[in-house]
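Here is the structure we will look at.
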Amino acid sequence: MEHVNLIALAVAGAVVLAPLAREYADLRQAWGFGRLAALATTLLVLPSLGVGLALSLPLADRPSLQWTVAVVVAIAVYSLAAAGVKATAERSAAPELGRR
């Protein structure tokens, strides 16, 4: 049973890391964020994972389900946080675009 849990954890890790690498690259290229800003935005996944883990605690007796719920919640919370950062960056850039 322990192997199943490790496999589920590895899959969950891959599900999180691949989109984060893509998000970092997108923030750098499409949004023009610097390295630090893109990294800081991408690292918002850590508190998002904390929220996911907290909300999945009642499922502790079923680790595979607990991690699945934690990852799904973390992705949702991170997506909302990143969208907020992007919206703020867009609003900040809007006055500069109007001056040109």
Side-chain angles (χ1 to χ4, degrees):
M1 188 65 174
E2 189 172 319
H3 288 47
V4 173
N5 291 336
L6 289 176
I7 291 170
L9 185 58
V11 169
V15 166
V16 170
L17 292 179
L20 284 177
R22 202 171 336 123
E23 179 79 5
Y24 175 82
D26 183 50
L27 289 169
R28 296 271 296 137
Q29 293 172 358
W31 287 87
F33 282 28
R35 287 183 187 143
L36 186 59
L39 180 62
T41 302
T42 305
L43 287 178
L44 286 172
V45 77
L46 297 177
S48 301
L49 184 57
V51 171
L53 288 171
L55 292 177
S56 68
L57 280 176
L59 303 169
D61 58 336
R62 299 177 64 193
S64 296
L65 182 59
Q66 179 184 15
W67 279 103
T68 301
V69 169
V71 168
V72 168
V73 170
I75 290 171
V77 171
Y78 172 78
S79 295
L80 290 171
V85 169
K86 289 175 185 176
T88 301
E90 204 170 64
R91 281 194 305 270
S92 301
E96 292 175 10
L97 292 175
R99 289 185 209 147
R100 291 183 183 168

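Nearest approach of V45 to Y78, heavy atoms of both residues: N-CD1, 3.5 Å. Considering every non-hydrogen atom in both L43 and P47, the closest pair reads O-CD, 3.5 Å. Across all their heavy atoms, V69 and S56 have their closest contact at CG1-CB, 3.9 Å. Residues P19 and A14 approach most closely at CD-O, 4.0 Å, considering heavy atoms. When all heavy atoms of Y24 and L39 are compared, the pair lying nearest together is CE1-N, 3.7 Å. Residues V73 and G52 share a closest heavy-atom pair of CG1-CA, 3.6 Å.
At a threshold of 4.0 Å, the pair R28-E23 does not count as salt-bridged, since none of the basic side-chain nitrogens sits closer than that to a carboxylate oxygen.
For the pair W67 and L53, the minimum side-chain heavy-atom distance is below 4.5 Å. When side chains are defined from C-beta on, L27 counts as touching T42, because their heavy atoms get closer than 4.5 Å. Between Q66 and L57, the closest side-chain pair of non-hydrogen atoms falls below 4.5 Å.
Both L20 and L46 are part of a single hydrophobic cluster, where members link through side-chain heavy atoms under 4.5 Å apart. Clustering ILVMFWY residues whenever any of their side-chain heavy atoms sit less than 4.5 angstrom apart, transitively, puts L49 in a cluster other than the one holding L44. Side-chain heavy atoms closer than 4.5 Å link hydrophobic residues (I, L, V, M, F, W, Y) into clusters, and following such links, even through other members, never connects W31 to L36. Under a hydrophobic clustering in which Ile, Leu, Val, Met, Phe, Trp and Tyr are joined whenever their side-chain heavy atoms come within less than 4.5 Å, directly or via other members, L9 and V71 fall into different clusters.
Interatomic distance, R62 CZ to T68 OG1, rounded to the nearest 0.5 Å: 10.0 Å.
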